[in-house]
Amino acid sequence: MARNEIQSLGQPDMSVHTISLETQVVGLDATKAFDGLTQKERAYAHALARADWEGAKICLLQTSPESAPIFCLLQLVFSAQPVCELVATAQTNGLTELEIEKALCWIAAFYGNMGNYKSFGDTKFVPDLAPDRFEAFLTSGKASSAAVADLWRECQERVYSLAPRQRQLGLGAANGISTYFSANCEEADAAIAGRFLENIGLSPYNTRLFKSADGVYTIRIASAVVQGGDDAVGRLCREHAFEGVTFVVRRGDYAPIMARVVAALKDAIPHVADDTQRRMVEKLILSFELGSIEEHMNASRIWVTDKGPAVESYIGFIESYRDPSGVRGEWEGFVACVNREVSKKFGALVDGAEDLLKLFPWPDTFEKDVFLRPDFTSLDVLAFGSSGVPAGINIPNYDTIRQSEGFKNVSLGNVLAASYGAGDKPVSFIRAEDQALFKKWKSEAFEVQVGIHELLGHGSGKLFHQGTADSDALVESKMLHPITQEPITGPFYPRGSTWDSTFGKIASTYEECRAECSGIFLCLEQSVLEIFGHETRQLDGEGGISDIVYTNWLLMVRAGLLGLEFYTPETKGWRQAHMQARYVILRVLLQAGNLVSIVKSQGTDGEPDLEIKLERKLISSLGRDTIGEFLLKLQTHKSLGDFSAGSLMYNELSEVPEEMLALRAIVMARKEPRKLLVQPHITMREGEVVIDTFQQSFTGMIASFVSRFPEEDQELMELYQAEKATVSD
């Protein structure tokens with residue numbers, strides 16, 4: 001789509017770009033977990049949480065040009081008095097209860113997403129009340145009226161702007177905005193930068209790319225240190241010539257914030273549990289000071305050996321979902337307590353993993369030579385500083401470590417409990433006869449899915465690189481390609497390349513699809529269900545499968561249908577990796593024949609509706625065969641580094657033909673708001689580390705951020721001002 005085409009798009013769908021007042025706010029319960037920690041462990045968690053949340057301000061600068069001044073404005077307004085006092089004054093000043101609720105709703109959503117774009121879906125959301133009424137609300141408090149006015153002038157236009165390019169995140173004038181790049185960058189710029197970084201051996205994870213008017217590229221590396229130096233990264237901080245253009249490598253991106261992260265981590269060192277944690281934290285400090293991904297990898301190597309700590313944590317530029325080119329990491333940091341009772345289930349899953357891996361449909365050659373037994377625990381999150389909070393994590397994301405040294409899996413138990421309850425209302429698109437069963441088993445089924453997804457999905461598979469003994473042996477063996485039935489000759493991953501750099505912007509969603517397929521494939525194994533406490537004699541059901549399995553497959557089909565919300569027809573682009581993956585799985589199941597059908601119906605409100613019909617009796621036969629065949633294709637292309645074949649297959653399945661667009665219209669009309677998650681705050685009070693909790697409400701979300709951060713952050717505003725002109729379209 002050319003630039004003039006995106007500029008000619010019609011009026012935006014305001015149901016997409018506003019936050020519903022029906023949005024449920026839920027609390028992350030971590031009090032019991034925190035109470036079980038010793039004073040030393042609490043002090044360690046406190047310091048780590050500070051590092052996580054200070055670093056989370058980077059998410060503001062990674063999201064949109066206006067997110068930083070909006071944040072500073074809100075902190076200024078709400079730090080001046082309790083929220084209830086401002087609300088009372090606003091009412092006295094003539095604002096209606098509805099206007100106030102709409103203002104609070106948008107503000108809570110901004111905090112919950114660490115910016116004004118949805119962390120799950122990447123679309124912009126604007127206040128659902130007139131600018132003058134929103135301004136009247138913001139100026140009802142005790143904060144300096146002049147300071148509030150200055151910040152409001154700075155961000156007002158972009159707070160409300162829904163110019164076509166600003167409606168969603170994306171790279172280039174035709175696709176959206178991204179502050180990982182200067183506003184004048186296009187996909188070709190990202191491509192040449194990727195080749196350059198690979199050429200000089202610099203990871204893109206903690207970088208951004210800015211292009212000057214005369215075509216000079218600047219690679220900005222996140223670090224507390226600003227100048228070059230004699231270290232490995234410092235020596236690269238200079239001018240380079242590459243493919244006829246000039247690149248300048250410079251570190252010090254987000255420097256003041258990175259310095260705060262480093263300071264908090266240094267405060268954690270006196271409270272570490274052992275030498276392993278001390279060495280890990282020291283490597284993290286070195287990484288964030290110098291901007292060294294190599295040192296972050298070293299920290300990760302130590303981290304995977306730290307088995308079952310009372311306080312678990314991970315921090316850095318981790319997931320690449322929001323980088324349109326799929327290689328740069330968003331800031332993420334968490335600290336959590338281990339739930340030892342629930343973790344026993346996951347430990348049993350790890351015990352059986354070597355046998356379960358053999359059940360996958362790909363040949364043993366495509367599996368790691370040695371199963372690296374990971375740590376798999378259920379955690380209760382104390383702090384999660386990022387734009388969103390996942391239900392489970394499999395890290396680190398570094399291929400070299402995952403393939404030969406190990407990884408960890410975590411299921412975030414209190415996130416699952418808060419975010420994935422069934423609720424009282426009928427579940428959309430689930431048939432009446434399935435409603436009770438779906439609600440009864442939804443949480444348990446999702447726990448099984450997350451466990452398999454993280455451990456056996458993300459934790460499986462081998463990658464072959466060019467010029468290695470493994471790839472040479474594969475060619476010499478004349479092993480037949482599982483799909484083409486021709487002898488395997490490659491293409492294999494180029495030396496120095498990774499999964500992310502090879503598969504680029506589809507890497508995240510492709511991998512999530514592989515992990516999700518692993519979950520619904522292996523949940524058919526009774527031995528897996530028994531690990532989670534679901535015994536055969538209790539759950540034998542129609543079609544020879546348990547209610548848990550049927551519910552899990554129903555969850556996946558429904559998620560694929562809901563995924564249509566995250567597709568933008570105007571750009572033919574997907575805005576969320578997991579939901580694209582689930583949609584692809586739905587397409588695969590629909591193509592199987594009689595297994596799944598989406599039936600148009602009329603809802604009880606008289607409006608068009610949809611019902612999912614999943615043939616339970618076919619899941620263990622046709623369903624299993626269909627997903628098994630698809631998994632084989634996914635893994636074959638991934639193992640062999642075959643981006644050409646893999647992307648062709650995946651992109652075709654990601655297409656949304658006319659009949660699916662018709663379903664999307666109904667999905668959009670009946671979409672439900674995503675929950676907002678209020679986190680606790682760990683703080684020091686009267687010499688002791690304590691945990692504060694907040695109301696499960698819009699005002700509770702606001703109060704949590706006022707407790708977490710000071711009212712002003714001049715350094716954040718200076719960072720914004722320094723790059724405003726470069727990243728603004």
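Source: prediction; values computed, not measured.
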Taking the ring centre of each residue, are His458 and Phe407 less than 6.0 Å apart? no

Using atom types as modelled and distance alone, determine if a side-chain donor or acceptor of Ser292 lies under 3.5 Å from a backbone N or O of Glu295. yes

Can Arg220 and Asp253 be said to form a salt bridge (Lys or Arg N to Asp or Glu O under 4.0 Å), step by step? CA-CA 6 Å; Arg220 300 180 59 150; Asp253 207 9; 3.1 Å; yes

Checking the side chain of Thr18 only, and the main-chain atoms of Met14 only, is there a donor and an acceptor separated by less than 3.5 Å? yes

Rounded to the nearest 0.5 Å, the CG atom of Leu86 sits from the OG1 atom of Thr699 at a distance of 11.5 Å

Between Asn206 and Ile221, is there a donor-acceptor pair closer than 3.5 Å when you use the side chain of the first and the backbone of the second? no

May I ask you to decide whether Lys266 forms a salt bridge with Glu289, counting only side-chain N to carboxylate O separations under 4.0 Å? yes

Among Val335, Val281, Val689, Ile269, find the one that has a side chain to side chain contact (heavy atoms under 4.5 Å, CB included) with Tyr44. Val281

Testing the basics here: between Ala56 and Met114, what is the closest heavy-atom pair and its distance to 0.1 Å? O-CE, 3.3 Å

How about Ser704 and Ser707: does a side-chain donor come under 3.5 Å of a side-chain acceptor? no

Ignoring hydrogens and geometry, is there a side-chain-to-backbone donor-acceptor pair from Arg167 to Leu162 under 3.5 Å? yes

Any side-chain donor-acceptor pair under 3.5 Å between Ser119 and Asn113? yes

Asp729 versus Gln166, side-chain donor and acceptor atoms under 3.5 Å: yes

Grab the two heavy atoms, one from His271 and one from Asp267, that are nearest each other, plus how far apart they are. CD2-O, 3.3 Å

Verify the neighbour count for atom CZ of Arg708: are there more than 12 heavy atoms of other residues, nucleotides or ligands below 6.0 Å? yes

Would Tyr720 and Glu66 count as having a side-chain donor-acceptor pair, cut-off 3.5 Å? no

Heavy-atom donor-acceptor pair, Thr179 side chain to Gln62 backbone, under 3.5 Å: yes

With a 6.0 Å cut-off on the ring centroids, do His296 and Tyr314 count as close? yes

Using only heavy-atom distances, determine whether the side chains of Ser501 and Thr498 contain a donor-acceptor pair under 3.5 Å. yes

Greater than 12 external heavy atoms within 6.0 Å of Lys505's NZ: no

Do Cys72 and Met717 make a side-chain contact, defined as non-hydrogen atoms from C-beta onward lying under 4.5 Å apart? yes

Side chain Gln580, main chain Ser654, donor-acceptor under 3.5 Å: no

Applying the ring pair (Phe, Tyr, Trp, His ring centres under 6.0 Å) criterion to Tyr205, which one of Phe317, Trp331, Tyr398, Tyr180 satisfies it? Tyr398

Go through the steps to decide whether Val248 and Ile219 satisfy the test side-chain contact (heavy atoms from CB on, under 4.5 Å), and finish with yes or no. CA-CA 6 Å; Val248 177; Ile219 302 292; over 6 Å; no

Can you name the closest pair of heavy atoms from Ala183 and Val727 and give their distance? CB-O, 3.7 Å

Got more than 12 heavy atoms from elsewhere within 6.0 Å of CD, Glu101? yes

Atom CG of Leu677 and atom OG of Ser419: how far apart are they, to the nearest 0.5 Å? 5.0 Å

Given side chains that start at C-beta, do those of Cys337 and Glu312 come closer than 4.5 Å, heavy atoms only? no

Classify the ring geometry between Trp574 and Tyr583 as parallel (under 30°), tilted (30 to 60°) or perpendicular (over 60°). tilted

Would you say Glu715 and Tyr254 are linked by a side-chain donor-acceptor pair, where the criterion is simply a distance under 3.5 Å? no

Can any side-chain N or O of Glu712 pair as donor or acceptor with the backbone N or O of Gln714 at less than 3.5 Å? no

Rounded to the nearest 0.5 Å, the CD1 atom of Ile318 sits from the CD1 atom of Ile393 at a distance of 9.0 Å

Assess the side chains of Glu512 and His453: does a donor N or O sit below 3.5 Å from an acceptor N or O? yes

Just verifying a value: how many Å separate Ser508 OG and Asp500 CG, rounded to the nearest 0.5 Å? 6.0 Å

Quick one: does Leu171's side chain get under 4.5 Å of Cys185's, heavy atoms only? yes

Distance flag, aromatic centroids of Trp106 and Phe698, threshold under 6.0 Å: no

Please find the pair of heavy atoms, one from Ser313 and one from Met280, that lie closest to each other, and give the distance. OG-CE, 4.2 Å

Rounded distance [0.5 Å steps], CG in Leu562 versus CZ in Arg582: 9.5 Å

Does Val16 offer a backbone N or O that forms a donor-acceptor pair with the side chain of Lys118 under 3.5 Å? yes

May I ask you to check whether Ser64 and Arg158 show a side-chain donor-acceptor distance below 3.5 Å? no

Under a 4.0 Å N-O cut-off, is there an ion pair linking Arg260 with Asp713? yes

Do side-chain atoms of Thr568 reach the backbone of Glu570 as a donor and acceptor pair under 3.5 angstrom? no

N-O pairing of Asp399 and Arg402 below 4.0 Å: no

Could you tell me whether Asp189 and Lys211 make a salt bridge, using a distance below 4.0 angstrom between a side-chain N and a carboxylate O? yes

With no hydrogens and no angle check, is any side-chain donor or acceptor of Lys408 less than 3.5 Å from a backbone partner on Trp303? yes

Answer yes or no: is there a side-chain heavy-atom contact under 4.5 Å between Thr31 and Asp29? yes

How about Leu716 and Leu61: do any of their side-chain heavy atoms sit closer than 4.5 Å? yes

Just wondering, do Asn175 and Glu187 contact through their side chains at under 4.5 Å, heavy atoms? yes

Check whether the side chains of Thr123 and Gln168 place a donor and an acceptor atom closer than 3.5 Å, and report yes or no. no

Distance flag, aromatic centroids of Trp53 and Phe705, threshold under 6.0 Å: yes

Note: Leu382 and Pro680 closest approach over all heavy atoms is O-CG, 3.6 Å

Looking only at side chains, do Asn394 and Asn409 share a donor and an acceptor under 3.5 Å apart? yes

Non-hydrogen side-chain atoms of Ser161 and Lys124 separated by less than 4.5 Å: yes

is_close_aromatic(Tyr217, Phe196), centroid dist under 6.0 Å: no

Just wondering, do Lys675 and Val25 contact through their side chains at under 4.5 Å, heavy atoms? no

Is it true that the side chains of Ser67 and Asn116 contain a donor and an acceptor less than 3.5 Å apart? yes

